[in-house]
Each structure stands twice: as structure tokens, then as C-alpha cells.
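Owing to the predicted nature of the structure, the values given are computational and were not obtained by experimental measurement. Along the sequence shown, residues carry numbers from 1.
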Amino acid sequence: MQRFTALLLLLISCGLVVVYYNWAYFGHFGYDDMQYALAAKELLNGNFDAGDHFAYRIPVVWATAAAYYIFGISDFASALPAILITWVILWGVYRVLRPSGNYVLAAGLSLSLLSGWILFNSHMLMPDQHVAAGIIMALVSVHLYKFQRGENSPHRFAIGFACALIYAFAAKGTVVLLLPLLAYLFLVDLARRRDQRFWWLSTGYTFAGLFLYFGFTWWLTGDPFMRFRAIQGNQYIHDCSYAELPLVYTLRRIGYELLEMLFREGMLTGLVISLVLVFSKKSWWKFNDGATFWFVCGLGMLLSANFMSISPFSYSPMCVDPRHYLFLVPIGGVAGAYGIETFWKGTRSRRELPVILGAAAATGFLQAYKLLDNEYTLLLVAAGVYLLIRQRPWAKTVFLVLLVAALCLRLFNNVTYYREVRYPAQRDFVFEHLLDSGEPALVLTDPVMKRWGDYFNGFNSEDEERSAAAKVAMPVRFLSYQDSIPLDLLTEFEDGQYYLLKNWHSQYLSEITWEALPYFAREPEDEGAVMVAEQPATSTALYNLPAHLLDATVRKDTLLYSKNAFERPEPYWAVNDALLQQEEVANGEWALKAGEFTGTLEFPLDSLMDRLPAKGSLVIRAIASCNFSGPTTAVLCVSVEDNSGLYHYFTKAIDDQLEAYTFFWPSSMEERIPVEQIRPNSTLKVYVWNKDQQEGFVDDFSVLVSGISTGPPARNE
């Protein structure tokens, strides 16, 4: 009966993953996940891009390709590998905790599934859940050998250990974070003269697996280390390139940023509870039993995640992103379950666990977390209630109910938001009004929706050489605002087949603010676009885009183009020569140190007016390479003034566009000015206003002034 109940608990946990997928499906982020989807589709076509490091993450790409082969390219097929691998994680927790009894097993499954991001990622098309499963199963193999009578079959558990490690390595290289912990476990066992045969067998099988893996890569690409060359080739500077950024960013990262994020996101709940083992177990660092083994594993992986470099060439910890640290949650879940078991059985731990939970709750309140973000308060209540009723036969049941309730506080808060997003409704809108209509369409949208659209389209629009049949079957093309539209593509579509697709959620995921949208996408109806479909619940709308607006994005009548690289004096530019310097440059030998007003283009607009009809408009696009050492209030400015003063003024924040500080990044803005609103004797000015005079540099400052010769009645700016 006890074994049946344990199996039932596992099945309920696995069922919850399915329920969550059907009830709170968040959808896709639009970048990495869509790249894995494309790699899986290309694999089905017999194509392998050796230069794409995503293609080498075999577990997620190949499993997704298999799902696409069986079910077609769909959200269910994309989510299926993550659902299955989440079941593997839960099975590992079940396999370890089953001998400890159903109450402990229920606590471990709850802590592993409901705290942190494991449930959220249980349907995500990402490799991180696969890495977590590989790490967990490697440690499960060690645990089963050491503490559940595995000494009679060392080869079995050593092979399981090696397979789990190779699986995690094939999924993503971040499995290297496990190496310091494994080294510690091995050295302690070596010093205590125990389990040495298992470790030597595991080492041998692991190297054999690596040999096969690199041999397969050699056969596939002609270079056994091509995966690493692809990673190196695809590297770019971003906000967690700690090897490139100033030292202060690394110190913040390893000092408090990661720990603060893990605590805030509920990924340390199990490990916090397991701290009771430090005070209740003697010589816990020697891991003489399963409880201290998992506590050491949790603590070791936390230290490794915080301090270890993922680059062999420089000190570069991982980014502070919850999905990179999913492995901490089930490890902490098992350790926390053992901590709860110790609390139930112990005497000293009855005092220490409430103190630990109280300190955690106080920390949450000091960091201004809301009640729904601070599960430790209810966990403290659970511990207090248990101490009051511990002699009752149903005391553990009450504790577990309060534990699940505490974990569900955060879960409920998150699920409420996920359901408000309504990704399935957004997806259905695109199918209903575009893909299922069978009508040709060229759709301009944000970058994430563009990638979603290609995915919904089965990536057929990505094929450079599409067959005539494919063009008929999939006639809709998605382009993002930043894409350059090939002129020959316009010949495939006629007037009336151009659309603008706006969606708040994908625009948010694209990190595009309202000000960063092209002028015609801000207030489409003011520019003459006609709404043809709307979904108010998801703030999604489809507009028929007049041809003159689309033409303006690809065939603007260029009236003025001026670029100042600060290498020599340029016409119409006012530059303070005292700010020219050679220490920080984007290109060439010179750049401009940011004063209050940095490099101003001043151009008389009267010389352009005779080149536009009365109903025309000017479109001003400015791009400057900017480098600031930290957060900045600097803005790109476009202004128009006459003898009476300033009468048009637009700004765009630069800080929102910087991917990393201390490096040059392009910052841009685009604005439209109706010609009828431009007064005689007006001057156009384009410049960077560094109003707080923060340390920074500007280079390669260009301004493009274009004209729209036809269009709707001008809007009032």
C-alpha cells in the first residue's frame, strides 16, 4: 500500500505538469526557443548548420525534431520534450526519497516542482530543463549506489552516472558547474577509502562517452571540436560579458546579484529548509547519509553557480537568469525534504528550523517583497503549527498542506499573469486572420512576432528557394520593423496585401518601447492604416497598411544623408574640438567625449521644401554609436526651430538601447514631421543631450532625412 501511494504521488506530480501546460501555457520567448525550433525543422530536412552552436544541443534539438516528425510543427510538439524531461526529474526525486516514506516524498516532490521555475519551464523549448535532468540523474546514480545497496552492481550505476553527464553536456555546456562538486565528492570518498571502484568506473565510462560524442561530432562536421568553434564564433558582447566588462560588474555578480535573484525567485526554498541539517547532523560535510549528501550537493552547486567561470580562457560566471540555474531547485527539493524529515524527528531542529525560516521571512520583507513573493512567512507558520500539534497523528498532513499552500502563493501569482498573457489566443488570432485565410500578405511586426509568425508558418517562409507549391500553400511573409525589405519581395504582393500586426506581449518581449516603434506603428490609424481585425483581450490588432507607408520604409526619397565619424570637419555639423579624443573609439582614430550637447547637425530645411508636395512629410532617422560607463539619462534629440524658437522636439532614451556598458552600441530614433507644419526659415537640429554630463563617448553619428511624397492628412504633432 505504501509503495502504491508513493507511485500515486509521482503520477499526481507528473499530471500536474500536464495540467499546467493546458491551463497556464506561457508560449515562447521568441529568440533562443525559436532558434531551437528552426534547428529541429532543418534537421528534419536533412540540414545541419555546423556554424550554429544551437544545433549542437542534441537532446533538445533532436527530441524536438522527433516530435515535429510525429505531430508536425506545433506548440504541443515543441513542449513535449520538456514535459517528458520534467517527468524524468520527478522520477529521480521519487527514486531517492521513496524509502524515506510518503510524507517525505510528498515534501520533496512539492519543493522540486512548485518552487522556483521548474514548472514554468516544463513546457519551454529550451535546453536548461535537460541540463537540470542530466545533473539530477547523475547525482541520483551516486546516491543509489552509496545509500541504497548499489555496491553489488557498480557498473550499472556508473553507466547511469556517465550517461546522465553526457546527456547534460550534449544539452548545454553549463554542466561544467558540476565538476567542482564531483571533485569534492571523489576526494572525500578517496580520503575515507570508500566507493573508489564506483568513481573509477564512472570516470572510465564518462571518458568513453565523451570519446563517442567527439567522434560523432567529427563524423558530422569533420572537426571533433566544431561545437566549441561555433560557440566562439557566435559570441557577442552583452550585459553579462563579465570578462569584458569592468571588474565592478563581476564583483556585483558574485557578491550579491545571483543570490538575491535566486532568493527573490523562490529557487532557494528547499536549500534554506535544508540548513537545519547543518545543526542536526555531525560531520555533515562528510555526507555519511543521504540527507547530508544532498545538502552538500545543494551547497556545492550553489557555490559553483555563484563563483565558477564557464569560460576556460577568462573569469566569466553565468548570467543572472533563472533558467540557467534550474538544477538548484530539485537538488534543493531533495535536501529540503530531508531537512523536513529531520525537523519532524529531531529535538534541536524543532527550535532551529523556525529560526531559519524566520530569518528568511525577515530577509524577504527587508527586500520589500510582497506577501505573494515571500513564502517563508507561511512556512514559518507551518513549522509553528506543527510544533503545537506534533503529537497528533495528522500533524504531518497539516504541515504538508501548509507547505504546498506556501509554495502555491508564488505559483498562483505567476499563473495569474501567464493566463492574462493568453498566448494561445494570440496564436489563434494570427492563424485566423492571416495563415488560414490563404491570401498572400506581407506582414510588418515586432521581432518576436516575426519569429513566431515564421514558426507558425512552419518556417516555410525562411526557405531561400521555395517551390511554387510552397509559395501557394504558405503565402504569408513576416518581417520585423528592423528588417531591410528586398525590393523584389514587394513584387510578390499587391496593394492591399500589406499588413501591420501589433501585439503588446511580443512587443514587450522584443524590448521595444512605444517611442522605438516606426512612426507608422505608433498610431497606425492616424497614418491612414485601417484596422481589419482586433483582439482587445490580448491587445492584438491587424491593420491594412497603405502602400505609401510601406514604400516609405524601403524606397524613401533621400533628401539628406550626413555622417560624422569625427575624423574630420563635416558640413552642417557643430562639434566642440576640445572633446575629440582617441582613447575610446568605435571606428577610425577619433571619437567625441560626451559633453552636455554632443555633436549637433544643424541643417536649413528651406532647401528641402521644394522637393516635397504640400501633403508630404519628412522622416528623420538618427543613429549614433554610444558608449557610457553606467546607466545614463542621455537622450537622442531631434528638434526644429525658427526665429521665434523651438516648435518641434522629440527625444529617445539611449540607456534602453545599450546592451552593455563601456562598449559602443548603436542608438537610434525615427520621427516624422508633416511638411505643412514646418515654418519658413526653420532649422533641423539632431544631437545627443547628455543632460547630467555623465561619462560617455559618441562616434559614427549619422542622420538620414527622407521624404514621403504621398500620404494621409498630416497628424497634429
Side-chain angles (χ1 to χ4, degrees), residues 1-19 84 86-115 118-119 133 136-137 139-153 156-157 160 269-270 273-274 276-277 280-281 287-295 297-298 329-347 349-350 353 379 382-383 385-387 389-408:
M1 184 63 184
Q2 181 175 350
R3 191 179 184 91
F4 172 79
T5 304
L7 184 59
L8 182 61
L9 289 172
L10 174 63
L11 293 176
I12 291 173
S13 301
C14 293
L16 181 60
V17 174
V18 178
V19 171
L84 295 177
T86 303
W87 289 354
V88 172
I89 292 174
L90 295 174
W91 183 86
V93 175
Y94 161 83
R95 189 67 179 83
V96 169
L97 294 178
R98 185 183 64 191
S100 298
N102 293 332
Y103 285 104
V104 176
L105 174 60
L109 290 171
S110 300
L111 287 169
S112 300
L113 187 61
L114 302 180
S115 60
I118 289 292
L119 194 55
I136 294 304
M137 294 311 300
L139 297 178
V140 167
S141 297
V142 179
H143 172 95
L144 295 180
Y145 175 81
K146 295 175 69 67
F147 307 114
Q148 293 189 20
R149 300 180 179 179
E151 62 275 5
N152 295 326
S153 52
R156 170 189 169 193
F157 293 103
T269 308
I273 294 174
S274 70
V276 71
L277 297 170
S280 304
K281 300 279 188 177
F287 51 91
N288 294 320
D289 55 23
T292 52
F293 171 80
W294 284 95
F295 175 74
C297 288
V329 178
I331 294 176
V334 175
Y338 280 121
I340 291 172
E341 181 184 34
T342 302
F343 170 68
W344 286 338
K345 293 181 177 179
T347 53
S349 58
R350 291 174 184 167
L353 183 60
L379 288 174
V385 170
Y386 177 81
L387 291 178
I389 63 171
R390 65 179 183 272
Q391 302 299 331
R392 307 283 183 172
W394 34 265
K396 293 180 181 178
T397 302
V398 172
F399 182 92
L400 286 176
V401 169
L402 292 175
L403 170 67
V404 171
L407 298 176
C408 285

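In this structure, the separation between CG on N102 and NZ on K396 is 10.5 Å, given to the nearest 0.5 Å. To the nearest 0.5 angstrom, L403 atom CG is 9.0 Å from C408 atom SG. The CD1 atom of I340 sits 5.0 Å away from atom CG of L111, with the distance rounded to the nearest 0.5 Å. From L105, atom CG reaches atom OG1 of T5 across 10.0 Å, with rounding to the nearest 0.5 Å. Rounded to the nearest 0.5 angstrom, L9 CG and C14 SG are separated by 11.0 Å.
G333 and S112 make their closest contact through CA-OG, 3.6 Å (heavy atoms, listed as atom of the first residue, atom of the second, distance). Nearest approach of C297 to I331, heavy atoms of both residues: C-CG2, 3.9 Å. Of all non-hydrogen atoms in G336 and I273, the two that sit nearest each other are O-CG2, 3.6 Å. The heavy-atom pair separating L407 from S110 by the smallest distance is CD1-O, 3.4 Å. In terms of heavy atoms, A291 sits closest to K281 at CB-CE, 4.2 Å.
Using cut-offs of 30° and 60° for the angle between ring planes, the W294 and H143 rings count as tilted. Y386 and F343 have tilted rings, their planes meeting at an angle from 30° to 60° on a 0 to 90° scale.
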Going by atom type alone, with no hydrogens or angles, which donor-acceptor pairs under 3.5 Å involve a side-chain atom of residues 89-96 and a protein atom two or more places apart or on another chain?
| unit_1 | atom_1 | unit_2 | atom_2 | d |
| --- | --- | --- | --- | --- |
| Y94 | OH | R98 | NH1 | 3.4 |
| R95 | NH1 | Q148 | OE1 | 3.1 |

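A heavy-atom distance below 4.5 Å is found between the side chains of W394 and I389. A 4.5 Å side-chain heavy-atom check between Y338 and T292 finds every atom pair outside the cut-off. Contact of the T397 side chain with the Y103 side chain is registered, since non-hydrogen atoms from C-beta on lie closer than 4.5 Å. At a threshold of 4.5 Å between non-hydrogen side-chain atoms, the residues V17 and L113 count as touching.
Of the options V334, V142, N288, a side chain to side chain contact (heavy atoms under 4.5 Å, CB included) to F293 is made by V142 and by none of the others.
Under the salt bridge (charged side-chain N to carboxylate O under 4.0 Å, His left out) criterion, K146 pairs with D189, D195, not counting sequence neighbours.
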Full working for side-chain contact (heavy atoms from CB on, under 4.5 Å) between L353 and W344: CA-CA 10 Å; L353 183 60; W344 286 338; over 6 Å; no

